[in-house]
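Below is one structure, written out as structure tokens; comments come after it.
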Amino acid sequence: MKKTLILFLIILSCLTTGADAKSRFVSIQGTDLIQPDGRKLFIRGTNLGNWLNPEGYMFGFQKTNSYWMINQMIAQMVGPDATADFWQSFKDSYISESDIRFIASTGANTIRIPFNYKLFTCEDYMGKNDAQEGFRLIDKTIGWCKKYGLYAILDMHDCPGGQTGDNIDNSYGYPWLFLSERSQQQFCQIWKDIAQHYRNETTVLGYELMNEPIATYFEKDYDLLNGRLEPLYKRAVAEIRKVDRNHIVLLGGAQWNGNFKPFTDWKFDDKIIYTCHRYGAGSNQASYQDLIDFRDKTGLPMYMGEIGHNTDQWQEEVCRTLERNNIGYTFWPYKKVDNSCFMAVRRPAEWDSVIVKFAESDRSTYKLIRDHRPNQEVALRILKEYIVNTQMENCLPQQSYIQSLRMKQ
């Protein structure tokens, strides 16, 4: 009898612990997200783009448009050691507690944190080869989010091998992830490691497994590549669930997070939501009807992870359309040079005439690198000035842009 009672108490304790854990995390109820206090969560926020996955256009570059190209260009200009120092300063300055506090002050409730998988490996990336660097940077940010009442979505923007095949995934021009067993194993292992680390962190809303898989440039390979997307998602989720049953998993569609036809087993896990992106579309419901239809067919939440780069009027109309259709959103991006963001970074006075000029020059031979390389002392001074300009207190808040996003609703 005593053994039976002890066993009963152990089972009851496990069940209670599970119920308590579940109640502390954002959960899913039909097409809604529900906060731990029972209130509906309608996602409104922004993306910390460029911080942990640099993109050339956010620096004012065009041809030099992925991280590896930017890193190579800076190393050609000022050398590898100064380049490593630049990236360390960039990572530690670009997003600070002041940025997170400001985002919260706009009425946002969520930030999406895009990152490169290399931050969780010993591969060289942004001045380091430390598998703990990603945790160092994201832990700090999640601490600030907790302090100011924001949820965080962790987005693997750059996957092993490349999942997109364009500059945005820092790849070599093809979504090699879907053809490489080695890359797929690494992809799943990193997500398992991340889930192990954050399994009890309630500020983390969920894990977005990959950003914009399989670009539209590979139509002749759609049958092969699109057909491997859902199976890889399932494989990664199975690894995550070995260590974390608490968090939502976010799945993006093929072709810029816009094509959901490859998915057939919509509810293979009990904590799935789908995430879409849409650039260059109209602002009325017809422009998003395919996403709404998929959401209604699955009976699961749909979230607009990226949208933006348009007029304030268009953005406000889009937000109203998404609100009417229960699709939360995080606009892209929070910070970049010039405008079309929350915080505009001022270009240093000689940024275009020195840094952009070299970035856009022909550097295809060593002679051309030598011919086009600017004075190194001048280049270093401008790079340091740029780092200072990226700090929140030196940026220009884009008030009309922010107001158009209807954060304080």
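We number each residue from 1, following the sequence as shown.
No donor-acceptor contact under 3.5 angstrom links the side chains of Asp166 and Thr164, judged on distance only. Using modelled atom types, one finds a donor on one side chain and an acceptor on the other under 3.5 Å when comparing Thr330 with Tyr303. With hydrogens and angles left out, the side-chain atoms of Thr203 and Glu201 include a donor and acceptor closer than 3.5 Å. Side chains of Gln403 and Gln398: no donor on one and acceptor on the other come within 3.5 Å. Side-chain contact check for Tyr67 and Asn167: no donor-acceptor pair (N or O, by modelled atom type) lies under 3.5 Å. For the residue pair Glu306 and Tyr279, a side-chain donor N or O sits within less than 3.5 Å of a side-chain acceptor on the partner.
Salt bridge absent: Asp293 and Lys297 never bring a charged side-chain N and a carboxylate O closer than 4.0 Å. The pair Asp338-Arg347 meets the salt-bridge criterion, since a charged nitrogen lies less than 4.0 angstrom from a carboxylate oxygen. One finds no salt bridge joining Lys63 and Asp362 here, because no Lys/Arg side-chain nitrogen approaches an Asp/Glu carboxylate oxygen to under 4.0 Å. A salt bridge links Asp92 with Arg136: the distance from a Lys NZ or Arg NE/NH1/NH2 to an Asp or Glu carboxylate oxygen falls below 4.0 Å. For Arg381 and Glu350, the salt-bridge test passes: some basic side-chain N is under 4.0 Å from an acidic carboxylate O. Classification of Glu55 and Lys336 as a salt-bridged pair fails, no side-chain N sitting under 4.0 Å from a carboxylate O.
Legend: residues meeting side chain to side chain donor-acceptor pair (under 3.5 Å) with Glu181, ordered by chain and number and at least two apart, are Gln185, Arg235. Under the side-chain contact (heavy atoms from CB on, under 4.5 Å) criterion, Asn284 pairs with Ala286, Ser287, not counting sequence neighbours. Partners of Asp37 under the side-chain contact (heavy atoms from CB on, under 4.5 Å) rule, at least two apart in sequence or in another chain, are Gln35, Arg39. With sequence neighbours left out, the side-chain contact (heavy atoms from CB on, under 4.5 Å) criterion links Gln399 to Pro397, Ile402. In this view, Tyr174 and Asp221 satisfy the side chain to side chain donor-acceptor pair (under 3.5 Å) rule, not counting sequence neighbours. Residues that satisfy the side chain to side chain donor-acceptor pair (under 3.5 Å) test with Thr365, not counting sequence neighbours, are absent from this structure. Scored by the side chain to side chain donor-acceptor pair (under 3.5 Å) test, Asn375 finds no partners at all (sequence neighbours excluded).
Within the structure, side chain to side chain donor-acceptor pair (under 3.5 Å) pairs that include any residue of residues 97-106 comprise Ser96-Asp99, Glu97-Lys147, Glu97-Tyr148, Ser98-Arg101, Asp99-Tyr334, Asp99-Lys335, Arg101-Tyr148 (at least two apart or interchain). For residues 251-269, the side chain to side chain donor-acceptor pair (under 3.5 Å) pairs, not counting sequence neighbours, are Thr216-Trp256, Asn226-Gln255, Glu230-Thr264, Lys234-Asp265, Arg241-Asp269, Gln255-Asn259, Asn257-His277.
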Output a table of donor-acceptor pairs, distance under 3.5 Å, between side-chain atoms of residues 383-391 and any protein atom two or more places apart or on a different chain; print 'none' if there are none.
from, atom 1, to, atom 2, distance (Å)
Asn389, ND2, Arg346, O, 2.9
Thr390, OG1, Ile387, O, 2.6

Donor-acceptor contacts, no H, no angles, side chain residues 72-84, under 3.5 Å, sequence neighbours left out:
from, atom 1, to, atom 2, distance (Å)
Gln76, OE1, Arg363, NH1, 2.6
Thr83, OG1, Ala75, N, 3.2
Thr83, OG1, Gly79, O, 2.7

Would you list the atom pairs, donor with acceptor, under 3.5 Å between side chains in residues 320-327 and any protein atom, with sequence neighbours excluded?
from, atom 1, to, atom 2, distance (Å)
Arg320, NH2, Glu316, OE2, 3.1
Thr321, OG1, Ser283, O, 2.6
Thr321, OG1, Glu317, O, 3.1
Thr321, OG1, Arg324, NH2, 3.3
Glu323, OE1, Arg406, NE, 3.3
Glu323, OE1, Arg406, NH2, 3.0
Glu323, OE2, Arg44, NH1, 2.9
Glu323, OE2, Arg406, NE, 2.8
Asn325, OD1, Gln285, NE2, 3.4
Asn325, ND2, Gln285, OE1, 3.1
Asn325, ND2, Thr321, O, 2.8
Asn326, OD1, Lys40, NZ, 2.7
Asn326, ND2, Thr31, O, 3.3
Asn326, ND2, Asp32, OD1, 2.8

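Residues His247 and Phe25 bring their aromatic ring centres within 6.0 Å. Ring-centre distance between Phe120 and Tyr125: not below the 6.0 Å cut-off. No close placement of the His197 and Trp191 rings is indicated, their centers lying 6.0 Å or farther apart.
In this structure, Gln196 places its CD atom where more than 12 heavy-atom neighbours from other residues, nucleotides or ligands lie under 6.0 Å away.
Using cut-offs of 30° and 60° on the angle between ring planes, the pair Phe294 and Tyr274 is perpendicular.
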